[in-house]
Structure formats: structure tokens, C-alpha cells
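Quick note on labels: first sequence line is chain A, next is B, and so on, each numbered from 1.
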There are 2 protein chains.
Amino acid sequence: MNAPQDVVKQGRKYAQVLEGAREVFLRDGFEGASVDDIVRAAGVSKATLYSYFPDKRLLFMEVAKCECAAQSKGAIALVETKGDLREVLTLVATRMCQFFLSDVGMQVYRIVVGESQRFPELGREFHDAGPAYVREKLRNLLRRGVEDGRLKIDDIDLAADQFPELCKAGLHMPIAIGLRDKPSDDEIDRVVASAVDMFLNHYEVRKDP
Amino acid sequence: MNAPQDVVKQGRKYAQVLEGAREVFLRDGFEGASVDDIVRAAGVSKATLYSYFPDKRLLFMEVAKCECAAQSKGAIALVETKGDLREVLTLVATRMCQFFLSDVGMQVYRIVVGESQRFPELGREFHDAGPAYVREKLRNLLRRGVEDGRLKIDDIDLAADQFPELCKAGLHMPIAIGLRDKPSDDEIDRVVASAVDMFLNHYEVRKDP
DNA sequence: TTTAAAGTGAACCGAGCGGTTTATCTTTTT
DNA sequence: AAAAAGATAAACCGCTCGGTTCACTTTAAA
């Protein structure tokens, strides 16, 4: 084997740099993280870092992008699940919450919100890789429900926005502003169950004659 | 009258400093705002600023606190309104949205979220003066509805969290991360109407026999 | 009019930042 | 073994920032 990994040949420490940056950025935010911190965490020299990334912003963007992409993969397959609508919704909602209320998920959110003015592209990257992605899947699910006659929804876009919002009721904001830790599974289950109840109660076609 | 304003005697420029700080902090965030910028905006010397506030953090805290307190006053009286529950909820929701989706409201939110790690007390101040305050009023409204027999709610706390969340469906996040501007009144009306619909549909006791 | 407090402006300080350079060492390729 | 590419450590640069100092002027009360 004369071609181990070919493409990624240039730069043995690339992944190391990225991992160190991830660690420090997620811990300290963009402004809070100094390049020297990152270098130290990555176990790499400053010159090496700057040979991969032209500046701190680009490095940060790369970390943020990877983080978003990596995390939203987890929620894909679930939406395709066949079965009882209520069960699917519950499953999707639970998974959604477990991610974006997690420590990493919330930290990404904090940074994106806090730095979106300094990085106009950052908001878009985050949104497309995360919320918009899930929303798209959710819309498909709802549209299928409407076509099947199980749901009656005037504005599917709005409904697809309402559902995730309901799922984080009372949890997202307090965590975002540091008032409490991430919720237990039980807490998530409680909020999700009520969200699904309310959502279906409003949009599900009544079966009783 | 030999006592014009007595208490606030010490320091003629206090309000000036605070106003300048408000302007710059809300425009540039905490890290983005330099003390020299603030001094310039306030039309005051640096020494004067530091004679009032021991450091930048304290000045920022004061601005944030004032901003929260000032804004949440607007939503109080509405909840006390008598009349059709649907109308009251619609009114309250509209007012809520108009504030925290406004430019100032969102900017405060961005800063609080972005800086809550650096300022542990900041999140608490913001929450108590803003969201928690409104939530408390909302809970009272709902409790009254339950006692009147108009509503059937198992978990009032949860319901009081769900309602505001529903009202900002699809609006809050995109604005927070800089993807779009504040919504028009029509947009707010649309989302609020649907939120009230869904909420009452779930929690209102059915009248038809 | 005197006097004390409040405010000014500008220079200054030390620290930390992002980023560059250089001279040297290690690894890989040939 | 030689050469080319990658990585290193540390010094260094320019700049900005938060915060201080000081000699001086303005304000307002007595």
C-alpha cells in the first residue's frame, strides 16, 4: 500500500489543531479563547496552526461548521421511521432535545448567538446545518401526514416551526443564560409528551364520529 | 423649593454616562464596546466614567439591569385586563412578541446569552426582570382561568412556559442569529393567532355538549 | 467672592492580543 | 544518505484595551 491517505497528506497535525480549537472554543467562546490557549491545548506550535488557517476567524468557522454538521446527522434517520405518528413525533422530539439542550449543543448556540454580528456567515452556516435541516425533515413528515389524511394543517411551515419550539418550553432559555444545567431524560420526556399532546390535539383529524 | 433633587446630587453626569453606555453596548455588545467609545458617546471624560463605575463590567451590568426592568413594565397591565380569555391572551402575546423580537429586545438577549458565562449574575438579573416576570403574570392568568372552569390545565407551570414559546415560533431564532430582521406586525399577528388557537384548543374546556 | 466638589483632557501604563519571523529540528520521500 | 517538506520554540511586532494619574477648568453652593 503506497497510498495511505493521500489527500490529507499535507499536514500531519491538521486534526490535532482542529480538535484543540474545538475544545477551547467550546469552553471559552470566540473572544475568550486565545490562540495561545488553542495551541497549547492542541499540543502544536503557533506557526503550525497558522500554516493551516490564515486567521483565528477562519479556524473558528471551521470548528463551528464541523460541529453543526456532525450533530445534526443524528436526527436524520429517525424522521424516516414508519409507524404511529405520535410515536415518531415523540422519538424525533426527544432526539432533538437531547442534542440542542446538551452541553455542546447549547455552547454552540451561545457562541453563534453571541458572535453572529461579528460573523455574518456564521448564523447561516449554523442554521442550515442544524435547525433548518431538521425543520425540512419535519415538514416532510407533516406533509405526509396531511396527504394520508391523518393531519389537517393549513400552514405546514408554521407548524414545523411550532413543534420544536414547544419541545423546548421552559428549558432552552434558562440553560442558555446559565441558570440551570441540562435537563434529565425524565424532564425532556415530560415536556416532549406535553408538546406532542398539544400539537396532535390541534392538528390531528378527529377520529371519533 | 430649596431641595431640587437632593439625592442624585453627587454627579451631574451619571445619567449621561449610563445613556452613552446603553447606546454603545446595545450596538456593539460587551466585548465590542470599548470604554473610549462609551466615553465619546456619552460626551464625558474617562475619569468621570470611572468615578461612577469601578469597572466596565459593573457599568454593563447596570445598563443591562435597567434595560430589562424598563422593558418588562410594558407587559404588566395587559395581563390584568378583564374580558374574553382569547382576547387577553392575544393581546399579551402580541405585546410580548413586539418587545422581545424588537431590535433592542433581541440585542439584549444576544448579549445576555453571549456573556452569561463571563457574568454569572447577568443571566439571573435578565431572567428575573424579563421572562420570569411575564411568566408569573401569565401563570396567574391561567390559574384564574382554571378556577373559573374555563381552562383545564394539569401543569400550569409548563403551560406558562409553552405559551410564550409558541408565540415566537419560527421568528426568534432566525432573528437572534442575524438571518432576518424583526417581523412586521402582520407576521406577529399570524404567529400569535395560531399560538392562541393551539393553546386554547388544548387547554380550554369544551363547551359543545 | 471664596471654596470645595465635580469634570476635563491627555498622557501614560502594563498586559494581552493576533500574527510573523527565524533559526533549528524531525519526518518523510526519493 | 540526501533532500525536501513539515513542525517547533521563542522572540518579536504593532496594536488595542482597561484603567490610572495629574494638572487644570468649570460648576455651584455658602
Side-chain angles (χ1 to χ4, degrees), chain A residues 1-25 27-64 111 114-115 117-119 122, chain B residues 1-25 27-64 111 114-115 117-119 122:
Chain A
M1 50 175 79
N2 59 1
Q5 54 260 48
D6 271 334
V7 181
V8 207
K9 214 40 155 314
Q10 37 138 33
R12 295 160 282 177
K13 308 289 183 83
Y14 185 89
Q16 238 179 87
V17 171
L18 219 60
E19 176 49 34
R22 190 191 107 104
E23 176 192 330
V24 179
F25 276 136
R27 170 163 37 89
D28 300 335
F30 178 76
E31 290 290 344
S34 83
V35 175
D36 293 274
D37 287 345
I38 294 174
V39 161
R40 209 171 305 126
V44 139
S45 84
K46 217 171 169 181
T48 299
L49 184 150
Y50 277 102
S51 80
Y52 289 129
F53 299 93
D55 61 35
K56 193 189 175 190
R57 299 169 66 110
L58 267 294
L59 173 56
F60 176 65
M61 288 290 302
E62 194 56 35
V63 169
I111 295 178
E115 307 293 341
Q117 313 215 71
R118 222 183 306 253
F119 299 91
L122 184 59
Chain B
M1 51 176 78
N2 59 2
Q5 55 261 47
D6 272 334
V7 181
V8 207
K9 211 46 155 309
Q10 40 140 33
R12 295 160 284 177
K13 308 288 184 84
Y14 185 89
Q16 238 180 87
V17 172
L18 219 60
E19 176 49 33
R22 190 191 107 105
E23 177 192 330
V24 179
F25 276 136
R27 169 161 41 86
D28 300 335
F30 178 74
E31 289 290 345
S34 84
V35 175
D36 293 276
D37 286 345
I38 295 174
V39 161
R40 210 172 304 126
V44 137
S45 83
K46 216 170 170 180
T48 300
L49 184 150
Y50 276 102
S51 81
Y52 289 129
F53 299 93
D55 61 34
K56 192 190 175 190
R57 300 168 67 109
L58 267 295
L59 173 57
F60 175 67
M61 288 289 302
E62 193 57 35
V63 169
I111 295 178
E115 308 292 342
Q117 312 215 72
R118 224 184 304 254
F119 300 92
L122 184 59

Quiz item: What pairs with B/K56 under side-chain contact (heavy atoms from CB on, under 4.5 Å), at least two apart in sequence or on another chain?
Solution: B/F25, B/F30, B/V35
Self-check item: Value in whole Å for how far the P atom of C/dG16 lies from CZ of A/R40
Solution: 12 Å
Quiz item: With sequence neighbours left out, which residue pairs that include part of residues 40-51 of chain B fulfil the salt bridge (charged side-chain N to carboxylate O under 4.0 Å, His left out) condition?
Solution: B/D36-B/K46, B/D37-B/R40
Self-check item: Rounded interatomic separation in angstrom, taking CG from B/D55 and P from D/dC17
Solution: 17 Å
Self-check item: Spatial distance of atom CG (A/D55) from atom CZ (A/F60) [nearest 0.5 Å]
Solution: 12.5 Å
Self-check item: End-to-end axis angle, where each axis spans five pairs of the helix from C/dT1-D/dA30 to C/dT30-D/dA1, to 10°
Solution: 20°
Practice problem: Compare every heavy atom of B/Y14 with every heavy atom of B/E62, then report the nearest pair and how far apart it is. | Solution: CG-OH, 4.1 Å
Practice problem: Rounded off to whole Å, could you give me the CD-to-P distance for the B/E31 and C/dG18 pair? | Solution: 11 Å
Quiz item: Can you name the side-chain contact (heavy atoms from CB on, under 4.5 Å) partners of B/E31, sequence neighbours left out?
Solution: A/E31, A/R118, B/E115, B/R118
Quiz item: For A/L49 and C/dC17, what is the distance between atoms CG and P respectively, to the nearest whole Å?
Solution: 15 Å
For nucleotides 8-11 of chain C, which of its nitrogen or oxygen atoms have a protein nitrogen or oxygen under 3.5 Å away, and what is each distance?
from: C/dT8; atom 1: OP1; to: B/K13; atom 2: NZ; distance (Å): 2.8
from: C/dT8; atom 1: OP2; to: B/S45; atom 2: N; distance (Å): 3.1
from: C/dT8; atom 1: OP2; to: B/T48; atom 2: OG1; distance (Å): 2.7

Quiz item: Of all the nucleotides listed (D/dC17, C/dG19, D/dT27), which has the minimum atom distance to the side chain of B/R12?
Solution: D/dT27
Quiz item: Taking atom C1' of C/dG18 as reference, at what distance in whole Å does atom CZ of A/F53 sit?
Solution: 16 Å
Quiz item: Which nucleotide, C/dG7, C/dG19, D/dC17, lies nearest any side-chain atom of A/K56?
Solution: C/dG19
Quiz item: To the nearest Å, how far apart are B/R118 CZ and D/dG18 P?
Solution: 11 Å
Quiz item: Distance from A/Q117 atom CD to B/D28 atom CG, nearest 0.5 Å?
Solution: 8.0 Å
Quiz item: Taking CG from A/D36 and C1' from C/dG18, how many angstroms apart are they, rounded to a whole number?
Solution: 9 Å
Quiz item: Does B/Y50 make a side-chain N or O approach to OP1 or OP2 of D/dT21 shorter than 4.0 Å?
Solution: no
Practice problem: Compare every heavy atom of A/G29 with every heavy atom of A/I111, then report the nearest pair and how far apart it is. | Solution: CD1-CA, 3.9 Å
Quiz prompt | Contact summary for A/V39 and A/S45, nearest pair of heavy atoms | solution = CG1-C, 3.9 Å
Considering only distance and modelled atom types, tabulate donor-acceptor pairs under 3.5 Å from the side chains of residues 15-23 of chain B, sequence neighbours left out.
from: B/R22; atom 1: NH1; to: B/E67; atom 2: OE1; distance (Å): 2.9
from: B/R22; atom 1: NH1; to: B/E67; atom 2: OE2; distance (Å): 2.6

